[in-house]
Amino acid sequence: MKQISRLRQSIAQGGWRYLNPTSLQFRLISEIAILSVLSLGSVGLWTGWKMQQILIATHQQNVEYIAARFPRDVELYSEMLSVKTGLQKTINNVSNPSLLIWVKGQDSQILAQSDSLRAESAANTAALMSLAEMPSQPQVYSIGDRYVVLRGSSLTVKNKLLGNVYIAQDVTANQQQLISALQGLLLVSALAIALTLTAITLRIRRSLRPLQEMSQIAGAISAEDLSSAQLPLNRAPSEVKELAETFNLMLSRLSSAWENQRQFVGNVSHELRTPLTIVHGYLQSVLRRSTNLSAYQQEALETASAEADRTVRMLEDLLDLARADHGHLYFRQEAVLLSALVVEVAEMTQRVSNRQITVTAPSCEIRVQGDRDRLQQVLINLVDNAIKYSAPDQPVDLILEQTEQQVMVHVRDRGVGISLQHQNRIFERFYRVDETMTRSRDGTGLGLAIAKGLIESMAGYITLRSKPAEGSIFTINLPLWKPLP
Ligand code: ADP
């Protein structure tokens with residue numbers, strides 16, 4: 001249960017891998033980003049092109065009008081004056097500071113030009129002149145830092161081809177307005193894309209969260225959490241909701257299957273314990289009373305008796321676990337003098353095992369709230385493990401510590417230790433680190449699961465620190481008993 005709420009917390013804090021290119025979120029967001037850039041980009045390009053066309057059309061009329069009138073005016077003037085003077089007079093008549101006009105003869109010599117063109121810098125004039133192919137339809141050209149709409153057409157006076165007339169209208173101000181409008185459009189589009197993407201990212205994240213929760217819960221779920229593990233459905237979109245509902249139904253089915261299995265194990269343990277205890281009793285009595293047994297018979301009976309005893313103990317453990325699961329394990333909630341209990345357990349286990357068990361404790365009396373017999377059972381279990389999984393010459397230490405709210409009992413050995421990969425699972429039922437190694441050391445793999453269940457029922461918890469080949473420290477944390485004021 002705790003594990004699941006921690007999990008939900010971590011999901012809420014956003015443990016999502018944004019940058020995983022294979023994730024659905026990454027793909028959706030990048031595809032939407034590309035589509036937005038493409039669609040808004042093409043709208044921008046089209047708008048730019050259209051505005052440019054409008055700008056050209058605005059000036060085209062004027063340029064076309066001048067170009068159309070030009071040959072007639074030259075013809076009129078040249079009836080009284082020379083053609084060259086007629087050209088210049090016509091240019092002077094129409095030209096203004098923003099209109100550049102020049103006429104090139106067939107030999108590419110300039111025959112006449114407007115004053116405005118003369119006033120232009122040499123570089124701008126050269127750039128204008130160098131435009132080899134003058135457009136018959138007006139077009140926008142960039143000359144230095146200026147923009148002009150340029151049109152060129154042949155000039156025929158009195159049915160004689162004189163050369164070409166070129167008319168350039170300065171449109172710098174309008175072009176700059178157009179460019180800044182396009183820049184504004186670009187900026188607004190970029191902002192719109194950024195805002196849209198942020199909104200879509202948040203939406204997608206929310207929509208996909210149930211999927212993520214599902215995978216994390218499925219990965220972290222343990223048998224104990226099954227009954228309480230359910231996905232929250234209120235915020236999920238309907239497509240994901242369907243999947244989440246199926247997932248929840250599956251969890252419920254698993255939970256009831258697990259419950260049935262537990263009940264079955266409890267019932268079987270109960271049914272087997274009595275006959276096996278009787279078998280063990282008979283075997284013990286035969287062993288004690290028979291004087292004429294052969295060595296083989298003696299050994300066979302001893303093995304059978306030891307196995308029966310081991311199985312009875314395992315069945316008792318299983319019954320304890322089944323009772324704890326159903327909340328039927330009876331606990332006394334009393335003040336337990338833990339400092340005395342630890343010393344008692346140390347003396348008892350030292351006597352039975354011939355192993356040195358040291359106790360380090362503060363001189364004051366330390367009491368915790370709990371059940372004395374169950375605490376003794378847990379301590380014996382931990383010390384028994386410490387003895388089993390360390391060399392015979394290594395002592396086992398029991399260290400008692402007290403803080404303002406808590407009491408800690410450390411059971412320390414210098415034995416085989418437990419590698420990190422096993423440390424998370426060591427408290428699971430029937431979990432044993434190395435089958436071949438632990439089988440030989442007599443055990444069921446239930447001791448730590450029971451110890452954890454018992455301590456948690458007393459509002460405490462067990463932790464483990466261990467290093468392979470260096471040893472392990474199992475720590476029982478219990479709330480300090482405080483007398484009522
Ligand atoms: P078992 O009856 O097998 O000892 P436990 O539940 O008490 O069952 O322990 C589970 C497993 O944890 C053991 O099989 C052993 O591999 C490992 N273990 C427990 N205590 C220790 C310890 N002090 N040092 C090393 N390994 C341990």
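Whatever order the structure lists ligands and atoms in, that order sets their numbers, starting from 1.
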With a heavy-atom distance limit of 4.0 Å, tell me whether Leu382 approaches ligand 1 through its side chain, its backbone, both, or neither.
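It is neither part, as no heavy atom is under 4.0 Å.
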What part of His422, side chain from CB on, backbone N/CA/C/O, both or neither, has a heavy atom under 4.0 Å from ligand 1?
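Within the 4.0 Å criterion, His422 makes no contact with ligand 1.
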Between [X] and [Y], does any side-chain N to carboxylate O distance fall below 4.0 Å?
X: Lys452; Y: Glu456; result: yes
X: Asp317; Y: Arg313; result: no
X: Arg367; Y: Glu365; result: yes

So between Asn381, Asp413, Leu448, whose heavy atom ends up nearest atom 6 (O) of ligand 1?
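Nearest heavy atom to atom 6 (O) of ligand 1 lies in Leu448.
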Is the closest N or O pair between [X] and ligand 1 shorter than 3.5 Å?
X: Ile418; value: no
X: Ile426; value: no
X: Tyr431; value: no

Which of these passes side chain to side chain donor-acceptor pair (under 3.5 Å) with Ser390: Arg412, Arg414, Arg355?
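When Arg412, Arg414, Arg355 are each tested with Ser390, the side chain to side chain donor-acceptor pair (under 3.5 Å) holds only for Arg355.
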Measure from the side-chain N and O atoms of Ser457 to the backbone N and O of Gly453, and report whether any donor-acceptor pair falls under 3.5 Å.
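Between the backbone of Gly453 and the side chain of Ser457 there is a qualifying donor-acceptor contact (under 3.5 Å).
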May I ask you to decide if Ser36's main-chain N or O and Ser39's side chain share a donor-acceptor pair within less than 3.5 Å?
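Yes; judged by distance alone, with no hydrogens or angles, the pair exists.
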Residues Gln406 and Gln402: side-chain donor-acceptor under 3.5 angstrom
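Side chains of Gln406 and Gln402: no pair found under 3.5 Å.
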Considering the heavy atoms of Leu446, write down every atom of ligand 1 situated less than 4.0 Å from one of them.
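Answer, ordered by atom number: 6 (O), 8 (O).
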Under 4.0 Å to a heavy atom of Lys388 - the qualifying atoms of ligand 1, by number:
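Answer, ordered by atom number: 1 (P), 2 (O), 4 (O).
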Below 4.0 Å from any atom of ligand 1, is there a heavy atom belonging to Gly415?
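It does not; every heavy atom stays at 4.0 Å or beyond.
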Just to check, does Phe474 reach to within less than 4.0 Å of ligand 1 when the distance is taken from its heavy atoms?
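Heavy atoms of Phe474 do come under 4.0 Å of ligand 1.
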